[in-house]
Chemist: 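Dumping the structure here so I can ask a few things about it.
Model, not experiment: these values are computed from the prediction.
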Amino acid sequence: QVQLVESGGGSVQAGESLRLSCEASVAVFCMAWFRQIPDKEREWVATIYSDRNRPYRTHFDDSVKGRFTISEDTAKKTAYLQMNLLKTEDTGTYYCAVVERYGSGYCLGGVSDFNYWGQGTQVTVSS
C-alpha cells in the first residue's frame, strides 16, 4: 500500500503561481497529476518518470504546456507541480497518482492506469 500526501493548493488570482507537492510513502515508478471539477471526469495533467538510466521524462497535457512544470526529488519521494500563469480554467481539485512499479500500470494513461491516489488538494483561480 502506497500512501500519498498532497499539499500546496490554495486560491490565487489569474496569472499567479502555485506549487503542489505530493509525497509518497515509498519510491514509485512514476508520479502524475490529475485534476477534476464537479460533474466532470478526472483529467490527466502531467507525468514524470525515469526511463531506466535516462534522465527524468516529463509529459504534459496541451492545456498546461509552457505554463506547468513537474519535477521530482527522489530522496524525498516527492513530486512537485509548479503551476505558473494560472488561468480560471485551471480551477479544480488536483490529485496525485502513482504507478507503483514498472508494469503495474501505465504512466501516460487514464484514471484506471494508476495504482494509488492522493486525497486531492483544491486550486481556485479567480479573475
Side-chain angles (χ1 to χ4, degrees):
Q1 188 81 7
V2 179
Q3 278 80 46
L4 301 173
V5 178
E6 300 150 344
S7 60
S11 297
V12 296
Q13 297 285 319
E16 295 183 341
S17 300
L18 278 174
R19 189 177 80 157
L20 306 182
S21 300
C22 174
E23 181 178 1
S25 56
V26 298
V28 296
F29 179 62
C30 69
M31 303 180 85
W33 289 95
F34 285 70
R35 63 187 179 192
Q36 188 172 23
I37 60 175
D39 299 324
K40 296 287 186 181
E41 292 187 355
R42 195 169 296 186
E43 62 178 17
W44 171 77
V45 175
T47 292
I48 185 166
Y49 66 99
S50 61
D51 184 3
R52 301 205 177 184
N53 295 321
R54 298 178 183 177
Y56 282 106
R57 292 191 173 185
T58 58
H59 296 268
F60 299 91
D61 182 76
D62 286 344
S63 65
V64 304
K65 278 182 182 176
R67 300 188 298 119
F68 290 13
T69 59
I70 186 170
S71 60
E72 185 171 350
D73 184 328
T74 304
K76 296 182 179 180
K77 299 186 288 292
T78 300
Y80 303 96
L81 184 68
Q82 178 66 43
M83 306 184 293
N84 299 326
L85 299 174
L86 282 162
K87 304 177 180 180
T88 55
E89 51 263 44
D90 294 318
T91 292
T93 302
Y94 283 69
Y95 295 90
C96 175
V98 301
V99 171
E100 184 177 7
R101 58 188 180 279
Y102 179 76
S104 67
Y106 179 46
C107 298
L108 300 180
V111 170
S112 62
D113 292 307
F114 288 81
N115 306 137
Y116 297 97
W117 293 82
Q119 79 284 357
T121 185
Q122 179 66 34
V123 171
T124 303
V125 184
S126 56
S127 59

Chemist: Check whether Val26 and Ile48 end up in the same hydrophobic cluster, where Ile, Leu, Val, Met, Phe, Trp and Tyr are linked by side-chain heavy atoms less than 4.5 Å apart.
Modeler: yes
Chemist: Do Met31 and Glu72 come within less than 4.5 Å of each other through their side chains, counting heavy atoms only?
Modeler: yes
Chemist: Compare all side-chain heavy atoms of Glu100 with those of Phe29 and state whether any distance is below 4.5 angstrom.
Modeler: no
Chemist: Which pair of heavy atoms, one from Cys22 and one from Trp33, lies closest together, and at what distance?
Modeler: CB-CZ2, 3.5 Å
Chemist: Give, for atom CG of Leu20 and atom OH of Tyr80, the distance between the pair rounded to the nearest 0.5 Å.
Modeler: 12.0 Å
Chemist: Treating Thr47 as the side-chain partner and Cys107 as the backbone partner, does any N or O pair qualify as donor plus acceptor under 3.5 Å?
Modeler: yes
Chemist: Roughly how far, to the nearest 0.5 Å, is the CG atom of Leu4 from the OG atom of Ser21?
Modeler: 12.5 Å
Chemist: For a quick test of reading the model, state the closest non-hydrogen atom pair linking Arg67 to Leu85 and the distance between them.
Modeler: NH1-O, 2.9 Å
Chemist: Is there a donor-acceptor contact under 3.5 Å from the side chain of Arg57 to the main chain of Tyr49?
Modeler: no
Chemist: Tell me the closest heavy-atom pair linking Ser127 and Ala14, and the distance in Å.
Modeler: CA-CB, 4.4 Å
Chemist: Less than 4.5 Å apart, any side-chain heavy atom of Thr121 and any of Thr93?
Modeler: no
Chemist: Distance-only, no hydrogens or angles: does the Gln36 side chain make a donor-acceptor pair with backbone N or O of Lys40 under 3.5 Å?
Modeler: yes
Chemist: First locate atom CD of Glu23, then atom CG of Asp73, and finally report the distance between them rounded to the nearest 0.5 Å.
Modeler: 9.5 Å
Chemist: Any donor-acceptor pair under 3.5 Å linking the side-chain atoms of Ser17 with those of Asn84?
Modeler: yes
Chemist: Can you give me the closest heavy-atom contact between Gly92 and Gln122, atom names plus distance?
Modeler: O-NE2, 3.4 Å
Chemist: Okay, side chain of Asn115, backbone of Ser104: is any donor-acceptor separation there less than 3.5 Å?
Modeler: yes
Chemist: From Leu18 CG over to Ser11 OG, what is the distance, rounded to the nearest 0.5 angstrom?
Modeler: 8.5 Å
Chemist: Measure from the side-chain N and O atoms of Thr91 to the backbone N and O of Val125, and report whether any donor-acceptor pair falls under 3.5 Å.
Modeler: yes
Chemist: Are more than 12 heavy atoms, taken from residues, nucleotides or ligands other than Glu89, located less than 6.0 Å from that residue's CD atom?
Modeler: yes
Chemist: Compare every heavy atom of Phe114 with every heavy atom of Gly109, then report the nearest pair and how far apart it is.
Modeler: O-CE1, 3.7 Å
Chemist: Is the shortest distance from a Lys or Arg side-chain nitrogen in Asp90 or Lys87 to a carboxylate oxygen in the other one below 4.0 Å?
Modeler: no
Chemist: Can you confirm whether the side chains of Thr69 and Gln82 place a donor and an acceptor under 3.5 Å from each other?
Modeler: no
Chemist: Give me the atom names and distance for the closest heavy-atom approach of Val2 to Ala24.
Modeler: CG1-CB, 4.4 Å
Chemist: I would like to know whether Trp117 and Phe34 meet ring pair (Phe, Tyr, Trp, His ring centres under 6.0 Å); could you show each step before the answer?
Modeler: CA-CA 10 Å; Trp117 293 82; Phe34 285 70; 4.9 Å; yes
Chemist: Can you tell me if Asp61 uses its side chain to pair, donor with acceptor, with the backbone of Val64 under 3.5 Å?
Modeler: no
Chemist: Centre of Tyr94's six-membered ring, under 6.0 Å away, within 45 degrees of the axis: is that where NZ or CZ of Arg35 sits?
Modeler: no
Chemist: So, taking the atom named OH in Tyr106 and the one named SG in Cys30, what distance separates them when rounded to the nearest 0.5 Å?
Modeler: 10.0 Å
Chemist: Is there a path of hydrophobic side-chain contacts, each under 4.5 Å between heavy atoms of I/L/V/M/F/W/Y residues, joining Tyr95 to Leu108?
Modeler: yes
Chemist: Do Phe68 and Leu81 come within less than 4.5 Å of each other through their side chains, counting heavy atoms only?
Modeler: yes
Chemist: Please tell me if the side chains of Val28 and Tyr116 come closer than 4.5 Å, counting only heavy atoms from C-beta onward.
Modeler: no
